Amino acid sequence: MTADEFFARYAAGERDFFRIELTDADLSRATGWEKNNPIGQAITGTVLGEGDLSGTNFSANDMRGCNFSRSKMVRCKFILTNLTGSCFSGCDLRNCDFGGAKLIRTDLMEANLGGANMTGVDLTGADMTGANDGGAWYESALFCDTTLPDGTFLKGPHPVPD
């Protein structure tokens, strides 16, 4: 499926893209930049589970409540994307770029975050139980009421220094 096909089906009301194959697509579609604040697409509440989305650019979109569970998403870009309440359980997120993304109350359980750029992400309320985050970079990230991969619960804010 191409990015244009995806957006046409989404605009027609479709929200279930289970097992979609959408590799190296550009879904960022940012329409403008105001004071470094991207204005992208709203792709909320969409099911993208068990698909191959590797290399897709989701940057600057509003993707609250999306279900990506068990998808292959190697090298995806989620720069400045709002992923609040989304599910990445069991996803292969190796070498993804989440720079500045909102991962508030996000399910990252059993996800492979190896080599992911998590610079400046907000992980408030996120559950990372069982995730593999070897080699992930968390500079300036915010952990607040976050469950770490080893099951440790970080109560209150724990910003990672620059």
Side-chain angles (χ1 to χ4, degrees), residues 1-3 6-7 10 17-30 33 36-144 146-150 154 158-160 162:
M1 179 180 296
T2 67
F6 174 84
F7 281 121
Y10 185 88
F17 295 91
F18 187 71
R19 293 193 175 152
I20 189 174
E21 193 167 319
L22 185 72
T23 57
D24 297 310
D26 186 359
L27 298 183
S28 62
R29 301 288 170 97
W33 293 83
N36 295 324
N37 186 25
I39 302 166
Q41 299 290 319
I43 310 173
T44 58
T46 304
V47 175
L48 296 158
E50 295 189 19
D52 186 352
L53 305 166
S54 296
T56 297
N57 184 356
F58 296 100
S59 294
N61 287 323
D62 179 357
M63 299 191 76
R64 291 173 290 152
C66 287
N67 182 351
F68 298 98
S69 59
R70 295 179 302 283
S71 287
K72 182 178 180 184
M73 304 182 78
V74 178
R75 302 177 337 276
C76 284
K77 292 182 182 177
F78 292 97
I79 300 164
L80 300 172
T81 301
N82 185 351
L83 295 157
T84 298
S86 290
C87 178
F88 289 94
S89 179
C91 284
D92 186 352
L93 300 167
R94 288 174 294 140
N95 301 310
C96 283
D97 190 346
F98 287 94
K102 289 183 183 175
L103 295 167
I104 299 166
R105 295 183 312 280
T106 298
D107 178 350
L108 292 161
M109 296 189 315
E110 304 293 327
N112 185 350
L113 294 163
N117 175 14
M118 305 293 275
T119 302
V121 299
D122 184 346
L123 288 158
T124 299
D127 189 347
M128 302 173 70
T129 304
N132 170 12
D133 68 344
W137 187 255
Y138 291 98
E139 183 178 331
S140 301
L142 175 63
F143 292 86
C144 181
T146 305
T147 305
L148 300 179
D150 66 0
L154 292 179
H158 291 271
V160 176
D162 294 340

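Keep in mind the model is a prediction, meaning the values are calculated, not measured. All values below were derived from every heavy atom in this structure, side-chain atoms included, with hydrogens, water molecules and symmetry-related copies excluded.
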Qualifying residue, where the test is side-chain contact (heavy atoms from CB on, under 4.5 Å) with Thr56 and the options are Leu27, Ile20, Leu48 = Leu27
Between Leu93 and Ala111, which heavy-atom pair has the shortest distance, and what is it?
-> CD1-CB, 4.1 Å
Main-chain N/O of Ser54 paired with Asp52 side-chain donor or acceptor, under 3.5 Å = yes
Contact summary for Gly55 and Cys76, nearest pair of heavy atoms | N-SG, 3.9 Å
Are the aromatic rings of Tyr10 and Phe17 close, with centres under 6.0 Å apart?
-> no
Describe, in one word, how the ring planes of Phe58 and Phe78 are oriented to each other, choosing from parallel (under 30°), tilted (30 to 60°) and perpendicular (over 60°).
-> parallel
How many angstroms lie between SG in Cys144 and CG in Leu142, if you round to the nearest 0.5 Å?
-> 6.0 Å
Quick one: pull up OH in Tyr138 and CE in Met118 and give me the separation to the nearest 0.5 Å.
-> 4.5 Å
Distance (rounded to the nearest 0.5 Å) between Met128 CE and Met109 CE = 12.5 Å
Residue pair Arg94, Leu113: steps toward the side-chain contact (heavy atoms from CB on, under 4.5 Å) verdict = CA-CA 5 Å; Arg94 288 174 294 140; Leu113 294 163; over 6 Å; no
Within the side chain of Ser59, is there an N or O that forms a donor-acceptor pair under 3.5 Å with the backbone of Ile79?
-> yes
Reported SG-to-NZ distance for the pair Cys91 and Lys72, which is rounded to 0.5 angstrom = 12.5 Å
Residue of the set Leu123, Thr124, Asn117 for which side-chain contact (heavy atoms from CB on, under 4.5 Å) holds with Val121 = Leu123
If you look at every heavy atom in Leu53 and Met73, which pair is closest and at what distance?
-> CD1-CE, 3.8 Å
Nearest-0.5 Å distance, CG of residue Asn61 to CZ of residue Arg64 = 12.0 Å
Does Gly99 offer a backbone N or O that forms a donor-acceptor pair with the side chain of Thr119 under 3.5 Å?
-> no
Do any N or O atoms from the side chain of Thr106 and from the backbone of Leu83 form a donor-acceptor pair under 3.5 angstrom?
-> yes
Which heavy-atom pair separates Ala126 from Leu103 by the least distance, and what is that distance?
-> CB-O, 3.7 Å
SB check Arg75 Asp24 (cutoff 4.0 Å) | yes
Taking atom CG of Asp92 and atom CD of Glu110, what is their separation to the nearest 0.5 Å?
-> 13.0 Å
Could you go step by step and tell me if Phe6 and Ile43 meet the side-chain contact (heavy atoms from CB on, under 4.5 Å) rule?
-> CA-CA 10 Å; Phe6 174 84; Ile43 310 173; 3.8 Å; yes
Are the side chain of Thr146 and the backbone N or O of Leu154 linked by a donor-acceptor pair below 3.5 Å?
-> no
Is there side-chain contact between Met63 and Phe68, with at least one heavy-atom pair below 4.5 Å?
-> yes
For Cys66 and Gly45 the tightest heavy-atom approach is SG-N, 4.0 Å
Without swapping roles, check the side chain of Thr147 against the backbone of Asp127 for a donor-acceptor pair under 3.5 Å.
-> no
Closest non-hydrogen atom pair, Leu22 against Ala3 | CD1-N, 4.2 Å
